[in-house]
Visitor: 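Here you go, one structure.
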Amino acid sequence: MAASSRLSGAHAILLAIHFCVSGDVSRLPQLQAQYPRWLPTERLLRIILTFLPESCQPQTYTPVVEALVDGGNTTSDAAEIDISAVQNLTETVARKRVRKVRLLPLRHPDDKDTDDSTDLLTQFLIHRAHRIDSETALQPLILDLLVPFYPRAPILRTWLISSLLPLLRLNYEYYPSQDETFSLDILESMDNSIAINVLLSMTGSTKSSMDLVQNLRGLVGAWMYGSNRTKRRRLNEAAQQNTLSLPQDDVKPKTNAGVGWQQVNEWLLARSLVDHESAVNAFTNWDGPEDVDLGGYAEEDPNLSSDELKDLRMRYGQTGLAVVYANAGVSEEALEGSIKVLARIASFLDMEQHLSLKTDDAALPSVMFDSEQISSTSRVSLMQNALLTTSNPLTRPSASSISFLSAVCVSLQVLNELGHPMPCRTVANICLHSNVDTQLLEMRSVVQSVVKQSKPGRDWSKVRQQLLWLRDWEAEHTPRRATSHPGYHGIFWRVDREVVEAEVLKALLEVREYNLAVNTYLSSDATLTPSKVEEAVKETIYTAYDNASNGNRTRGGMKRAYEILQAFQPHFSDSLALKQINALISATHSLSFYSLTLQHGVPFQPVSIRVHSDPLSLIEKVLEQNPKSYTKVDDLLAIGRNLVAAGFSPRLSDHHEHSSSAPLSGQDAALTAERRIMSLAINSALTSHDFATAYSYILTRLTPTSSPSTSETTLTDDITWRTVYAAGRYRAPPPATSTPPTTQSQITHLTQRMELLSLALILVPSDHPDPLPEILGAWRRCDEELSSLRTQESLEEDIWDTKGDLTSSLTMHTLPGGFGPPDHSEQDALETRQHQARRARAHASHHHRLNHEEAPMGLFEVARGAALALQKNAFPLRSASSASKTASATSSFSKLHPTNEFTPSSTAAAAAANSSHTRTDSVISSENYEPGSGSGDRVRKRDVVSNMVTDGLVSGLGWVLGAQPVNRG
């Protein structure tokens, strides 16, 4: 017998421990064979687990472990076992030492998967692996330990693939340069959610586009292989109990693997929001849960059935569609990525026939799909937490969902080409859930983006087709369908096609594509009616007009408005609206040549005319802010006529009681506008102390004619008489120089004022007699002042004549051959002749008065005589009927007031009127008020005065002035 046979059981145990501590375990099977009672397999495995250094290469002891488990002897020879290490120990000492040995349990505390207590090898290997990792962190040694044994136990295979393989790839293959490595205990303590987040988030520190794909295949794919392990299930259940989260799916996966892969889908969707490029790369290069790398230790997950695999494929495809909807990027790269994902999912699920994508040069496709499922969606369906629900018809892969999303993607391409990029979710929401007003607003926004980014040479025919395609998703060659087309067909499908065409027409006009607009919308096959075209043209012109900053029609918005008008007015020759626009543009263009600032220093803009309640009042500001602009009255009148022609009704004077009545129209409106403008110009001239211009304007432009068509309007005019009256009251300011005005110039000025006051009295409306006393009082004061000036002029003439006579006499005596200075008799004779001349002039004047009057004439006689004269003379300011009316009124006046006495208060007024009557024949004479009237008669100013006084007395206003009829006995 060998020497070892003399050892006791305690010595054998100590010897086995010695072999393990020294690292030489090759004799353990032989030792076990000699002492099977004291060294059973479990005890030997525990001794190896406890005392064999973890740094030992597994190749040195895996054959021993296998022999111990299988019961074979690995020693080829029967050499003696060296017992020198324990042979000197007494039995007592050996027993005592054995009692002190503390062997590790064969099962690792965290090993919950090995339920079979007889599977000593699996327990030993898993525990040994943890020991190696915790003591040395030499994780490759663990793989060497397990490789010889994993085919023997499914649990060991699952543990190797799902725990060890991801750990080795994470620390040594994929990210070997990271500062900290993951331990086996840390990885095994993670539930699915944490592990997926950790394993996939490792890609964030690198820029490689394939990192996420390799992590999905090599890390998550291997990890998911152990989803059915007992420990995993317990960790996942605990995590769900401790986590408060909203349910994201109404139909949960049936298996633990399905739950784990759904968490992967959720992670991919969330990742696409922050790193869309990596998510796109994952979907284009990874084929979902079936595409995993198990390191060759297994080919596929045996826990997944065919039905489970089909469900996982559908959920993965749904995640791809959800990523497309959730993409908030509007760049071309983001859109291209979304299209790649959609195409990949369609190919992955064999639904390519439902795709309707467009290449660069291809025509826009016609998209047909069943809208019954799509119509059941709501706005909630596009929220992130609803995109992955299996009941969501937008993301659940189907023929309709693939077709609809492909049409949305093509729409995104078109919108990018039009310069109006939009997110996919927004476009889908507009198409599915927006009302007609919202869709119209969005469509107009798209059109405006195209207009703003328009460049020369752009194909606007193509732009029009693209905008129409966005409405109905129909290709140009597709025959037009009736009302049977499916719902939700096109982004702006609720907007009527004519409205879209009208917006396109406006865009063409805004970018100056006038020929294309005319050829498209005024041709025989036009899609818009002429009235719609006219309305769109008018709206575009007004938009350009309102946005113009300068009224000159050769610049900016005014130029565009004028060009549009010129392009379309020949095609709408009878359009009242375009005629009004033409007049408005003409008026605005003329106003642009004047300096004009509105309230608070705001410069004039064309839109100021359109928003102004009374555009004619702008002419008043022009006259105020532009010196001497009243001299351009023809230009101002043209502006006023154009404003009236543009549809702005002129208001009457603020003093007119009917100014708030119905708007004027036709000839009355134009005449009222001209009167207002002339009134403003005359007042501006008077403000500038240019009485001559104001007087000329009144005589040539405001004096009424005897035309029957305008006489009635003249009589009711409330603007003209006020203007004439204001000019008649004008008093010239004192001259700036020291030279006073001459008497003759003062007389001329007063004479002209009296003419104007006489004309104002004639022009006062018959139904508005209140201002007559005021006008007559002003005329009387002028007459008194004129009498004073006449007296002064007569004295000046006498002084001048006397001075002339004296000068002549002195000259005669001082000339050569003269007779010397005159004597006193000659001087007395000269004075006598001068005195006689004055008496002769006074006598002639008195004789002339006696020939025409039997008594001192008062205002009553003046009125009656003027009325009789009106019946005999063709007076151009009054018609025959008016004259007869005046004579009749005068006769009635005589009957009503038979008294022939003068009251004291009437003496001055009667004298003034009498003086005026006797002087007018020798002092005042002028042409007719209306040049070119054709009558050829001269209207004397005394006739005007007499007529004025007669009208005043007929109205009873003569008595206001204190005039009484003369007693003719």
Side-chain angles (χ1 to χ4, degrees), residues 418 420 436-454 460-461 463-464 467-468 470-471 492 494-523 526-553 555-589 605-613 615 642-643 645-649:
L418 296 177
H420 190 82
V436 60
D437 294 331
T438 304
Q439 288 188 358
L440 178 59
L441 183 63
E442 291 293 342
M443 188 267 294
R444 286 175 174 171
S445 179
V446 173
V447 173
Q448 287 302 314
S449 296
V450 180
V451 171
K452 290 179 181 179
Q453 302 177 29
S454 177
W460 277 91
S461 296
V463 171
R464 173 176 173 266
L467 291 171
L468 293 176
L470 287 175
R471 178 194 173 268
F492 312 122
R494 296 183 188 270
V495 182
D496 190 75
R497 183 181 176 89
E498 287 189 350
V499 177
V500 178
E501 291 279 17
E503 293 300 324
V504 174
L505 172 58
K506 296 174 188 177
L508 294 177
L509 299 181
E510 197 164 350
V511 297
R512 295 183 171 88
E513 292 287 342
Y514 308 126
N515 293 333
L516 177 60
V518 171
N519 296 334
T520 303
Y521 294 102
L522 294 178
S523 60
T527 56
L528 285 178
T529 61
S531 60
K532 297 281 187 181
V533 175
E534 180 184 357
E535 183 66 24
V537 169
K538 182 178 69 172
E539 185 176 342
T540 306
I541 292 176
Y542 278 133
T543 300
Y545 180 91
D546 293 342
N547 293 330
S549 59
N550 191 297
N552 195 309
R553 66 187 177 194
R555 301 177 184 176
M558 286 292 295
K559 180 180 180 181
R560 181 180 293 110
Y562 188 58
E563 289 175 348
I564 297 173
L565 179 65
Q566 288 182 315
F568 281 86
Q569 195 168 23
H571 302 280
F572 298 94
S573 57
D574 297 331
S575 173
L576 175 62
L578 296 187
K579 291 179 180 178
Q580 291 178 340
I581 290 174
N582 188 21
L584 176 62
I585 292 177
S586 298
T588 309
H589 178 72
Q605 293 181 346
V607 71
S608 303
I609 296 179
R610 293 232 302 147
V611 301
H612 207 287
S613 59
N642 283 325
L643 289 176
F648 298 104
S649 179

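Throughout, numbering of the chain's residues begins at 1 and tracks the sequence.
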Visitor: Would you find a donor on one side and an acceptor on the other, under 3.5 Å apart, between the side chain of Q439 and the backbone of R494?
Guide: yes
Visitor: Looking at E510 and T540, what are the two nearest heavy atoms and their distance?
Guide: N-CG2, 4.5 Å
Visitor: Nearest 0.5 Å, please: how far is CE in M558 from OG1 in T588?
Guide: 4.5 Å
Visitor: Would you find a donor on one side and an acceptor on the other, under 3.5 Å apart, between the side chain of Y545 and the backbone of P606?
Guide: yes
Visitor: For V451 and K506, run side-chain contact (heavy atoms from CB on, under 4.5 Å): C-alpha distance rounded to whole Å, both residues' side-chain angles, the deciding distance at 0.1 Å, then the answer.
Guide: CA-CA 10 Å; V451 171; K506 296 174 188 177; over 6 Å; no
Visitor: So, taking the atom named CZ in F492 and the one named CG in L467, what distance separates them when rounded to the nearest 0.5 Å?
Guide: 8.0 Å
Visitor: Considering non-hydrogen atoms only, spot the tightest contact between A587 and L643 and give its length.
Guide: CB-CD2, 3.8 Å
Visitor: Given side-chain contact (heavy atoms from CB on, under 4.5 Å), test L418 with L470 step by step and report yes or no.
Guide: CA-CA 11 Å; L418 296 177; L470 287 175; 4.0 Å; yes
Visitor: Less than 4.5 Å apart, any side-chain heavy atom of F568 and any of I541?
Guide: no
Visitor: Let me check something: any side-chain donor-acceptor pairs from residues 571-581 under 3.5 Å, sequence neighbours excluded? List them with distances.
Guide:
from	atom 1	to	atom 2	distance (Å)
S575	OG	E534	OE2	2.4
S575	OG	L578	N	3.3

Visitor: Please find the pair of heavy atoms, one from L516 and one from S461, that lie closest to each other, and give the distance.
Guide: CD1-OG, 3.7 Å
Visitor: For residues 443-450, dump all side-chain donor-acceptor pairs below 3.5 Å to protein atoms at least two apart in sequence or in another chain.
Guide:
from	atom 1	to	atom 2	distance (Å)
R444	NE	E503	OE2	3.0
R444	NH2	E503	OE2	3.4
S449	OG	H420	ND1	2.7
S449	OG	S445	O	3.1

Visitor: In terms of side-chain geometry, is the basic nitrogen of K532 or E535 positioned less than 4.0 Å from the acidic oxygen of its partner?
Guide: no
Visitor: Specify the closest pair of heavy atoms between N550 and N552, including all atoms of both residues, with the distance to one decimal.
Guide: OD1-N, 2.7 Å
Visitor: Please round to the nearest 0.5 Å and tell me the distance separating atom CG of L522 and atom CG of L528.
Guide: 9.5 Å
Visitor: So, taking the atom named CZ in R464 and the one named CG in L508, what distance separates them when rounded to the nearest 0.5 Å?
Guide: 8.5 Å
Visitor: State, to 0.1 Å, how close P570 and L565 come at their nearest heavy-atom pair, and which atoms those are.
Guide: CD-O, 4.3 Å
Visitor: Can you tell me how far CG of D546 sits from CD of E539, rounded to the nearest 0.5 angstrom?
Guide: 10.5 Å
Visitor: Mind running side-chain contact (heavy atoms from CB on, under 4.5 Å) on R497 and L468 for me, showing each step along the way?
Guide: CA-CA 8 Å; R497 183 181 176 89; L468 293 176; 3.6 Å; yes
Visitor: If a pair satisfies side chain to side chain donor-acceptor pair (under 3.5 Å) and one of its residues is in residues 555-564, list it, with sequence neighbours excluded.
Guide: R512-E563, Y514-E563, Y562-Q566
Visitor: For A502 versus A536, what's the shortest heavy-atom pair and its separation?
Guide: O-CB, 4.3 Å
Visitor: Nearest 0.5 Å please: distance from the OH atom of Y542 over to the CG atom of L584.
Guide: 6.0 Å
